[in-house]
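Heads up: the structure comes next, in structure tokens.
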Number of protein chains: 2
Amino acid sequence: MRHRKNSNLKRLAQTPLSDQIYQNLKWSLTIGEYEPGSALSIRKVAKKMGTSAMPVREALTRLASEQLLQSATNRSYRVADLEPKRVADQFFVRARLEGIATMLATPNMTNGQIDQLEELARQMVEDIEKDDNESYILRNCNFHFAIYEAAGNEELFWTIERLWAQTGPFLAHIVRDQDMPEDWQTLHTEIAKAIRDRDADRAAQLMEKDISWSTHTFKEMER
Amino acid sequence: MRHRKNSNLKRLAQTPLSDQIYQNLKWSLTIGEYEPGSALSIRKVAKKMGTSAMPVREALTRLASEQLLQSATNRSYRVADLEPKRVADQFFVRARLEGIATMLATPNMTNGQIDQLEELARQMVEDIEKDDNESYILRNCNFHFAIYEAAGNEELFWTIERLWAQTGPFLAHIVRDQDMPEDWQTLHTEIAKAIRDRDADRAAQLMEKDISWSTHTFKEMER
DNA sequence: TACTGATATCTGTGATCACAGTATTCTTCA
DNA sequence: TGAAGAATACTGTGATCACAGATATCAGTA
């Protein structure tokens with residue numbers, strides 16, 4: 001009687017366990033559920049997920065391959081804990097790519113989609129007032145990705161998605177610990193407005209501003 | 001008597017077999033050794049490498065995770081064979097990122113490094129005249145990466161490296177089958193000159209031109 | 001000859017074990 | 001009480017097996 005113990009993850013039609021675990025962990029990283037530097041052991045995660053070590057191991061090596069996790073030799077996997085310079089580099093690349101994506105998206109978005117952006121922006125202001133960081137992080141994520149999806153460039157979307165997962169743990173750290181600059185309250189509303197006006201250059205510029213604030217924060221931490 | 005049969009890959013100090021295989025295959029993809037669509041079976045690659053299936057399997061899932069390989073359910077892994085639109089999207093992202101990297105690199109490069117660029121550009125002209133495609137591909141790769149390394153942004157470098165591996169099989173296909181436009185002979189020399197003049201904008205512009213030629217080629221294949 | 005259906009082979013995936021390192025804990029001695 | 005060293009528990013990695021689904025091969029029929 002081997003195999004198939006009772007498991008939390010069912011074997012869904014055709015999607016391998018390792019994929020489910022990979023997606024699962026990647027999302028957790030994106031929304032900052034793990035602190036930078038925290039350890040993830042194969043067997044422990046496997047126990048938590050209710051599977052054998054095998055699929056977890058694949059998921060972790062994949063995440064490490066995308067530099068979301070770090071792996072020293074014969075040491076447990078850890079959530080990447082990078083030099084401030086490196087994190088700033090990541091935010092720099094994000095700023096550029098997301099600017100480009102915004103420029104591409106601006107003429108493509110329907111008025112209905114822009115309505116949703118404005119609604120999200122409004123709710124995010126509420127989140128800040130209520131000090132609800134977790135909700136803010138989620139809505140911020142939805143806001144941005146709604147735009148990038150409209151850009152219509154799969155490769156661009158996918159690259160940005162990876163960068164979000166990479167910077168996720170750090171951004172969450174900032175949002176939770178630091179005071180957010182005041183214009184963050186209005187920035188997302190302005191972005192939605194620029195898209196409404198079909199002003200691609202301004203939308204892209206605001207988007208880069210939104211992200212590069214994080215860049216500056218990390219460059220200052222370097223000192 | 002299990003384990004450790006005679007293997008082509010030695011267990012080098014601290015670098016896992018799966019890493020070696022991963023790097024090995026990734027490089028092969030970058031320089032276009034595999035045709036898009038060709039199959040890679042875990043057990044066959046393992047036999048060729050002289051290892052068990054285990055490390056090969058990790059390498060292949062990692063490559064698939066980075067979209068260098070495709071994996072249908074219960075089917076063998078294949079070198080990505082993408083829609084022309086998707087490939088064009090990849091080249092678009094590459095063009096932008098490599099433009100940015102060139103701009104960052106221009107003020108950083110030493111005169112000695114620029115000498116090397118010019119030498120490479122000169123040799124590439126020879127390669128075209130001698131119709132030595134494989135040598136051209138290698139030198140082209142070295143030329144570009146020498147610049148991106150000088151940009152001093154690890155994240156940017158790494159993202160571009162991944163995109164090269166993704167577009168590698170397609171670019172090699174173009175270089176081998178199509179006639180290259182005439183200004184390719186002089187483009188790299190011009191890029192080196194612009195960097196020598198410390199004209200970052202012009203260097204970036206030329207770099208984007210170099211890459212976007214591939215974009216247009218693939219957009220035309222779409223029809 | 002052309003089509004059909006059964007059989008054999010090959011595919012990735014998950015589980016399990018063996019191993020060699022690393023980290024931790026616990027004991028022992030001063 | 002303190003430090004040092006041995007023993008134990010834990011880590012990722014590689015090999016091997018079991019399994020189910022997909023593919024290819026080949027025989028038998030019309």
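Proteins get letters first, then strands, A, B, ... in listed order; numbering begins at 1 in each. Below, each value reflects all heavy atoms present in this structure, side chains not excepted, and no hydrogens, waters or symmetry copies. Everything numeric in this text was worked out from a predicted model, so none of it was measured.
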I need the [atom1]-[atom2] distance between [X] and [N], as an integer number of Å.
X     : N      : atom1 : atom2 : result
B:L60 : C:dG14 : CG    : P     : 15 Å
B:D19 : D:dT13 : CG    : C1'   : 11 Å
A:M54 : D:dT16 : CE    : P     : 14 Å
B:K44 : C:dG12 : NZ    : P     : 9 Å
A:Q70 : D:dG12 : CD    : C1'   : 16 Å
A:Y22 : C:dG14 : OH    : C1'   : 20 Å
B:I21 : D:dG14 : CD1   : C1'   : 10 Å
A:R43 : D:dA9  : CZ    : P     : 14 Å

Any salt bridge linking [X] with [Y]? Criterion: basic side-chain nitrogen under 4.0 Å from a carboxylate oxygen.
X     : Y     : result
B:R62 : B:D19 : yes
B:R57 : A:E58 : yes
A:E98 : B:R96 : no

Exercise for review: Report yes or no: is there a donor-acceptor pair, N or O only, under 3.5 Å between the side chain of A:R57 and the base of C:dG14?
Suggested key: no
**Study point:** Residue-phosphate contact under 4.0 Å: A:S52 side-chain N/O, C:dA15 OP1/OP2
**Key:** yes
Check your understanding: Counting just side-chain N and O atoms, does A:Y77 come under 4.0 Å of either OP1 or OP2 of D:dC10?
Key -> no
Practice item. Check DNA chain C against residues 34-42 of chain B and give the residues with a non-hydrogen atom under 4.0 Å, in numerical order. Key: B:L40, B:S41, B:I42
Review point. Does any pair with a residue in residues 46-93 of chain B pass ring pair (Phe, Tyr, Trp, His ring centres under 6.0 Å), and if so which ones, sequence neighbours excluded?
Key: B:F91-B:F218
Study note, to complete from the structure: The single option from A:W158, A:W27, A:F157 that satisfies ring pair (Phe, Tyr, Trp, His ring centres under 6.0 Å) with A:F145 is A:F157
Check your understanding: Which sits closer to the 5' end of DNA chain C, B:T61 or A:R75, going by the nucleotide each is nearest to?
Key -> B:T61
Exercise for review: Using a cut-off of 6.0 Å, state whether more than 12 heavy atoms not belonging to B:E83 lie near its atom CD.
Suggested key: no
**Study point:** Any donor-acceptor N/O pair, A:N108 side chain to A:A150 backbone, under 3.5 Å
**Key:** yes
Review point. Hey, does B:S18 reach any base, or is it just sugar-phosphate, or nothing, if we go heavy atoms under 4.0 Å?
Key: sugar-phosphate
